[in-house]
Protein chains: 2
Amino acid sequence: MLKGVLEGCVLEIINRGETYGYEITRRLNALGFTDVVEGTVYTILVRLEKNNLVDTEKKPSDMGPPRKFFVLNDAGREELRKFWEKWAFLSSKMNELKERER
Amino acid sequence: MLKGVLEGCVLEIINRGETYGYEITRRLNALGFTDVVEGTVYTILVRLEKNNLVDTEKKPSDMGPPRKFFVLNDAGREELRKFWEKWAFLSSKMNELKERER
DNA sequence: CCAACTACTTAGTGATACTATGTAGTGGTA
DNA sequence: TACCACTACATAGTATCACTAAGTAGTTGG
């Protein structure tokens with residue numbers, strides 16, 4: 001059910017400020033997507049990087065291994081904008097379908 | 001983006017009354033999902049049948065070849081109920097994500 | 001020193017939708 | 001009557017995206 005949606009969530013989280021995979025995973029979990037695991041998030045991040053939607057930077061951490069931070073670039077912000085546009089469309093159509101003829 | 005959602009839409013359309021693949025496709029198109037084609041819908045219908053969520057009946061048509069009509073059975077209605085439940089969850093979480101910190 | 005937590009990576013699989021193509025009935029029209 | 005448009009179903013192959021599972025490695029506390 002998350003297909004096509006999770007990537008948008010990751011973009012949105014990154015857009016709120018530089019962050020890294022492990023933290024993104026925990027934020028998604030906190031949001032309610034409790035069974036999203038690290039592997040899933042990292043594959044999305046690899047895809048985002050491959051598609052040139054993000055810039056990355058390795059930084060040391062106090063808590064463990066170095067973190068790979070992500071920020072959206074212009075293409076990433078445009079992708080995010082399109083994502084919310086598609087979501088709004090889908091959402092409105094689904095409500096239309098759900099509410100019709102009750 | 002439709003991944004996991006389209007099957008629910010098809011269940012909902014069938015639940016409104018006995019219908020068949022070609023008509024379901026046109027209804028989805030009319031709803032706004034303009035690039036959903038017959039092939040997509042038929043593969044979903046095959047899946048629904050394989051998973052025993054629908055009952056089927058062939059009936060002649062005035063307009064062309066015989067139609068294969070679908071109705072939801074108990075399992076199908078339960079699946080539909082769960083689908084809307086999941087949609088409501090996803091939808092609320094997405095809004096939460098979208099609206100936070102603006 | 002080892003368990004728990006932090007943090008990243010990737011190969012393989014599965015679910016779902018899309019592409020492309022084929023078959024066939026019916027009706028209109030040139 | 002020959003052809004085209006529309007109706008209607010079917011399916012093999014592909015692509016996309018997320019999930020499973022496993023591994024590597026740094027840090028901290030008991």
Under the criterion side chain to side chain contact (heavy atoms under 4.5 Å, CB included), I'd like the reasoning laid out for Arg47(B) against Glu7(B): C-alpha separation, chi angles, the key distance, then a yes or no.
CA-CA 9 Å; Arg47(B) 190 162 68 236; Glu7(B) 181 179 309; 2.8 Å; yes

Nucleic acid contacts - residues 17-27 of chain B versus DNA chain D, non-hydrogen atoms under 4.0 Å
Tyr20(B), Gly21(B), Tyr22(B), Arg26(B)

Determine whether Glu96(A) and Lys93(A) satisfy the following criterion, salt bridge (Lys or Arg N to Asp or Glu O under 4.0 Å), listing intermediate values before the conclusion.
CA-CA 5 Å; Glu96(A) 202 177 311; Lys93(A) 291 309 178 186; 3.5 Å; yes

The reported gap from CG in Leu11(A) to CG in Leu48(A) (rounded to nearest 0.5 angstrom) is 5.0 Å

Which residues satisfy the side chain to side chain donor-acceptor pair (under 3.5 Å) test with Arg26(A), sequence neighbours excluded?
none

Residue mapping more 5' on DNA chain D - nearest nucleotide basis, Gly8(A) or Phe69(B)
Phe69(B)

Rounded distance (nearest 0.5 Å) linking atom CG of Leu97(B) with atom CD1 of Ile13(A):
6.0 Å

Whole-Å gap separating C1' (dC17(D)) and CG (Leu11(A)):
14 Å

Return yes if some donor-acceptor pair links the side-chain N/O of Asn73(B) with the main-chain N/O of Ala75(B) below 3.5 Å, else return no.
yes

Between dC19(D) atom P and Glu7(A) atom CD, what is the distance in whole Å?
13 Å

I would like to know whether Arg67(A) and Glu18(A) meet salt bridge (Lys or Arg N to Asp or Glu O under 4.0 Å); could you show each step before the answer?
CA-CA 11 Å; Arg67(A) 297 165 174 166; Glu18(A) 194 180 58; over 6 Å; no

Rounding to an integer number of Å, can you tell me how far Ile44(B) CD1 sits from dC9(D) P?
14 Å

Nearest heavy-atom neighbours spanning Leu28(A) and Val41(A)
CD1-CG2, 3.9 Å

Could you check whether Lys68(A) gets within reach of a base, just the sugar-phosphate, or nothing at all, counting any heavy atom under 4.0 Å?
sugar-phosphate

Hey, where on DNA chain C does chain A first and last touch, going 5' to 3'? Cut-off is any atom under 4.0 Å from a heavy atom.
dT6(C) to dA15(C)

Report the distance from atom CG of Asn29(A) to atom P of dC19(D), rounded to the nearest whole Å.
11 Å

CA sep, side-chain torsions, deciding dist, call: Arg81(B), Glu78(B), salt bridge (Lys or Arg N to Asp or Glu O under 4.0 Å):
CA-CA 5 Å; Arg81(B) 191 191 61 72; Glu78(B) 174 60 13; 2.7 Å; yes

Send over the distance from Leu48(B) CG to dC9(D) P, rounded to a whole Å.
14 Å

Five pairs per end, C1' atoms only: what is the angle between the end axes of the helix from dC1(C)-dG30(D) to dA30(C)-dT1(D), to 10 degrees?
10°

Minimum heavy-atom separation for Thr34(A) to Asn29(A), with atom names?
O-ND2, 3.6 Å

Look at Lys98(A) together with Glu12(B) and state whether they make a salt bridge at an N to O cut-off of under 4.0 Å.
no

Counting any heavy atom closer than 4.0 Å, what does Leu45(A) reach on the DNA or RNA strands: base, sugar-phosphate only, or nothing?
nothing

Lys58(B) has a side chain; which of dC17(D), dA10(D), dC19(D) sits nearest to it?
dA10(D)

Value in whole Å for how far the C1' atom of dC19(D) lies from OH of Tyr42(A):
16 Å

So which atom in Gly21(B) and which in Phe70(B) form the shortest heavy-atom distance, rounded to 0.1 Å?
N-CE1, 4.5 Å

How many Å lie between NZ on Lys59(B) and C1' on dT7(D), as a whole number?
18 Å

Pairs under 3.5 Å (N/O, protein and nucleotides 21-29 of chain D):
residue: dT27(D); atom: O3'; partner: Asp62(A); partner atom: O; Å: 3.2
residue: dT28(D); atom: OP1; partner: Asp62(A); partner atom: O; Å: 3.4

Derivation of the salt bridge (Lys or Arg N to Asp or Glu O under 4.0 Å) call for Glu49(B) and Lys68(B)
CA-CA 12 Å; Glu49(B) 209 175 347; Lys68(B) 188 173 177 183; 3.1 Å; yes

Between dA15(D) atom P and Asp35(B) atom CG, what is the distance in whole Å?
19 Å

Using the test ring pair (Phe, Tyr, Trp, His ring centres under 6.0 Å), find all partners of Phe69(B) that sit at least two apart in sequence or belong to another chain.
Tyr20(B)

Donor/acceptor link under 3.5 angstrom from Lys3(A) side chain onto base of dT16(D):
no

